[in-house]
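For clarity, every value in this text was computed on a predicted model and none was experimentally measured.
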Amino acid sequence: MAFKSKTVKRFSVRGFLAAILHPFMTSPTDAPGVFASGDSYNNVGDWHTLLLNNELSSQCELERMVCCKCTTNVEHEFLLLHFRHPTQHHAVAILVLDRTSRPDSTENNNGNGSSRSLGIGQSTIVSPSVSATPAHDSIFTTLNNGSAIQSYLTKRYGQHKDLGTLDFSASARPSAMQVSVLLCVIHKHSPTYHLWQYQCYWYSYTVWEALKRLFPGCQETTLSEGRSRFCGQEVRKAESVEAVCELYRAEWARFENAAEAKRGREEATRGSGEESKRGREESRRREEAKGGGEEAKGGSGEEV
C-alpha cells in the first residue's frame with residue numbers, strides 16, 4: 001500500500017515580515033551598474049568598467065536568470081539577470097541583457113536621463129544582414145521597481161514570454177564581476193553578429209549554458225518551449241560553450257592575480273606609511289625626552 005507524503009511548509013517569521021515590509025523598503029542606489037538611481041544602457045565592456053570602479057557593485061550576486069522570447073515578429077531572445085544587493089539583502093535588481101546587430105539609441109547613457117530605447121520591432125534585427133556585422137552586447141539597468149522594468153520590457157520588446165529560469169545555489173552564486181568578465185570574454189570570442197551563427201539565440205544560449213557549467217548546483221526550470229527557434233524551426237548557431245568556459249577560467253585567473261598584486265601594492269604602501277609615522281613618533285619622543293633632560297639639568301644648576 002502506497003502512502004502519499006505530505007509536504008509541511010515551515011512558517012518563517014523573518015520571511016513573513018520581509019514580505020510585509022518589502023513594499024515600504026527603500027531601494028538602494030549605491031551600486032552603479034546594478035542598483036542605480038536612473039536608467040542606464042551600456043555595452044558589456046562599459047558595464048565591466050562600472051563594476052571595477054565600485055566594490056559594492058561588483059559584489060552583487062546573481063541569484064536567478066530568466067530566458068525570454070518575443071512572441072511577435074522576429075522572436076528575439078533576451079535574458080533577465082536578477083542580482084541581490086550584498087548588504088541590503090531585501091533588494092533585488094533586474095537587469096536586461098541581449099545581443100543585437102546595431103547599437104541601441106540609449107547605449108552609454110550611464111544613468112544620465114531616461115531611456116529612449118527603440119523597440120525591437122524598429123531595430124535592424126528585424127532583417128539583419130546575412131554577412132557579419134558588429135555585434136552589440138548590451139545590458140540595461142533601471143530602478144529597482146517592478147513597474148519600471150515591466151514598462152521597459154513592454155516598450156522595447158512588446159509581447160514576450162518566459163521560456164525558463166535558472167536559479168543559482170546560495171553557496172555558488174556568481175558575482176556581478178564574474179558575470180561581467182564572462183560577458184566580455186563572450187564578446188571577445190565572437191564580436192560579430194552573424195545571422196546563421198552568432199545571433200541573439202546563440203548569445204542567450206551561450207551565456208545561459210556557460211553560467212550553468214561554471215557555477216554548478218543551479219536549478220533549471222523549463223516554462224515554455226521554443227528556445228533557439230524561429231517559427232517553430234530550430235535556428236542554426238555556433239557551439240561555443242566549452243571554448244567560452246576555458247577562456248573565462250583563464251581570464252578570471254588573470255583578473256584575480258591582478259587584483260591580488262594591487263592589494264599587495266596597497267598594503268606595502270600602507271606599511272611604508274605606518275613605518276614612516278612610527279619613525280616620526282619615535283623622533284618626537286626622543287626630542288621631548290632630550291628637552292626634558294635639558295630642563296632637569298638647568299633646574300639642578302640653580303639649586304647649587
Side chain to side chain, [X] and [Y], heavy atoms closer than 4.5 Å:
| X | Y | answer |
| --- | --- | --- |
| C68 | V66 | yes |
| E220 | W208 | yes |
| T100 | Y193 | no |
| H136 | P134 | yes |
| L97 | W47 | no |
| I149 | V96 | yes |
| L50 | N54 | no |
| Q178 | L211 | no |

Those residues that, when tested against T72, pass side chain to side chain donor-acceptor pair (under 3.5 Å) (two or more places apart):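 Expected list: none.
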
Modelled atom types, side-chain donor and acceptor of [X] and [Y], under 3.5 Å:
| X | Y | answer |
| --- | --- | --- |
| S138 | N43 | no |
| T87 | H89 | no |
| E239 | W202 | no |
| H76 | D98 | yes |
| S224 | K161 | yes |

So, does [X] use its side chain to make a donor-acceptor pair with the main chain of [Y] at under 3.5 Å?
| X | Y | result |
| --- | --- | --- |
| S151 | A148 | no |
| K69 | L163 | no |
| S40 | A36 | no |
| T141 | G33 | yes |

F78-H160 aromatic ring centre distance below 6.0 Å: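 Close enough - the centres of the two rings lie under 6.0 Å apart.
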
Aromatic ring proximity, centroids under 6.0 angstrom, Y198 and Y203: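 For Y203 and Y198, the ring centres are not under 6.0 Å apart.
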
Pair F168-H82, side chain to side chain contact (heavy atoms under 4.5 Å, CB included): steps then yes or no: CA-CA 10 Å; F168 294 89; H82 294 235; over 6 Å; no

Minimum heavy-atom separation for [X] and [Y], please, with both atom names.
| X | Y | answer |
| --- | --- | --- |
| L51 | P32 | CD2-O, 4.1 Å |
| S58 | E55 | OG-O, 2.7 Å |
| T206 | V244 | CG2-CG2, 4.0 Å |
| E75 | F230 | OE1-CA, 3.5 Å |
| H48 | S180 | ND1-OG, 2.9 Å |
| A176 | S57 | CB-O, 3.4 Å |

Pairwise distance [atom1]([X]) to [atom2]([Y]) - rounded to 0.5 angstrom:
| X | Y | atom1 | atom2 | result |
| --- | --- | --- | --- | --- |
| D30 | L56 | CG | CG | 5.0 Å |
| Y41 | D46 | OH | CG | 12.5 Å |
| F83 | L62 | CZ | CG | 4.5 Å |
| D167 | E63 | CG | CD | 8.0 Å |
| L182 | L247 | CG | CG | 10.0 Å |
| R84 | R173 | CZ | CZ | 6.5 Å |

V207 and M65: CA distance, side-chain angles, deciding distance, side chain to side chain contact (heavy atoms under 4.5 Å, CB included) verdict: CA-CA 10 Å; V207 172; M65 187 160 53; 4.3 Å; yes

Passing candidate, side-chain hydrogen bond (donor to acceptor under 3.5 Å, both in side chains) with S204, options Q199, E77, E209: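 Output: one option passes, namely E77.
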
Side-chain cluster (under 4.5 Å, hydrophobic types only) that Y205 belongs to, other residues: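 Result for Y205 is V241.
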
Extract all donor-acceptor atom pairs below 3.5 Å that involve side chains of residues 183-192 and protein atoms in other chains or at least two apart in sequence.
unit_1	atom_1	unit_2	atom_2	d
H187	ND1	D137	OD2	2.8

Residues H90, H85; criterion side chain to side chain contact (heavy atoms under 4.5 Å, CB included); working and verdict: CA-CA 8 Å; H90 70 279; H85 197 279; over 6 Å; no

Candidate pair L52 and M177, rule side chain to side chain contact (heavy atoms under 4.5 Å, CB included), full reasoning: CA-CA 8 Å; L52 278 175; M177 181 57 71; 3.8 Å; yes

